[in-house]
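In what follows, a structure is listed as structure tokens, so that the remarks can point back to it.
Side chains are part of it too, since the values below use all heavy atoms of this structure and drop only hydrogens, waters and symmetry mates.
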Amino acid sequence: MTWTLLLALGAVLGWLGTVILRSSNEREIIALVAAGIVGAMLGALVIAPSLSGPFGLREFSLPGLLLSLTGSFVALAVAYPVIRLTRMR
């Protein structure tokens, strides 16, 4: 359940990134949603265990969830300029 919630929140954050940045290109939308999901997963697997304890499959941890969302924000911040640079070429 926690991983499903994590994937859904990462996808929603990626989609919100496309809305905020007014992206209409399908490739940008897919790339930002994927970046949101990957960032949430990396945040849950890398950042959360080192700062707030393990983020398990069955336990829900609010600090772990917030850290995974932070990972999603970071991934979106890194992915967007890369996507824009590849679009300009």
Side-chain angles (χ1 to χ4, degrees):
M1 176 66 184
T2 303
W3 290 103
T4 307
L5 178 67
L6 192 61
L7 288 172
L9 286 176
V12 167
L13 282 176
W15 175 76
L16 283 175
T18 63
V19 171
I20 291 169
L21 299 172
R22 297 183 182 153
S23 298
S24 60
N25 187 354
E26 290 179 20
R27 288 180 58 194
E28 287 181 6
I29 294 170
I30 292 170
L32 287 174
V33 168
I37 292 171
V38 169
M41 296 308 267
L42 285 176
L45 294 173
V46 177
I47 299 170
S50 63
L51 295 179
S52 71
F55 194 78
L57 291 173
R58 297 180 192 242
E59 309 96 34
F60 178 78
S61 166
L62 186 61
L65 183 65
L66 293 176
L67 288 170
S68 66
L69 293 178
T70 303
S72 183
F73 287 133
V74 170
L76 288 171
V78 169
Y80 184 70
V82 172
I83 292 168
R84 286 292 180 182
L85 285 175
T86 58
R87 185 177 177 196
M88 293 176 68
R89 289 182 180 184

Please tell me whether Ile30 and Leu85 are part of a single hydrophobic cluster in this structure, the criterion being side-chain heavy atoms less than 4.5 Å apart. no
Same apolar cluster: Val19 and Val33, side chain cutoff 4.5 Å: yes
What distance separates Leu32 CG from Leu13 CG, expressed to the nearest 0.5 Å? 11.5 Å
Heavy atoms only: give me the nearest Gly10-Ala40 pair and the separation to one decimal. CA-CB, 4.1 Å
Rounded to the nearest 0.5 Å, what separates atom CH2 in Trp15 from atom CD1 in Ile37? 14.0 Å
Between Tyr80 and Leu76, does the side-chain contact (heavy atoms from CB on, under 4.5 Å) criterion hold? Intermediate values first, please. CA-CA 6 Å; Tyr80 184 70; Leu76 288 171; over 6 Å; no
Heavy-atom nearest pair, Val82 first then Val78, reads CG2-O, 3.4 Å
Shortest non-hydrogen separation from Ala79 to Ala35 and the atoms involved: CB-CB, 3.7 Å
Compare every heavy atom of Leu69 with every heavy atom of Leu9, then report the nearest pair and how far apart it is. CB-CD2, 3.9 Å
I need the Met41 CE to Leu6 CG distance, nearest 0.5 Å. 5.5 Å
Applying a strict under-4.5 Å side-chain criterion to I, L, V, M, F, W and Y, I'd like to know whether Val74 and Val12 cluster together. no
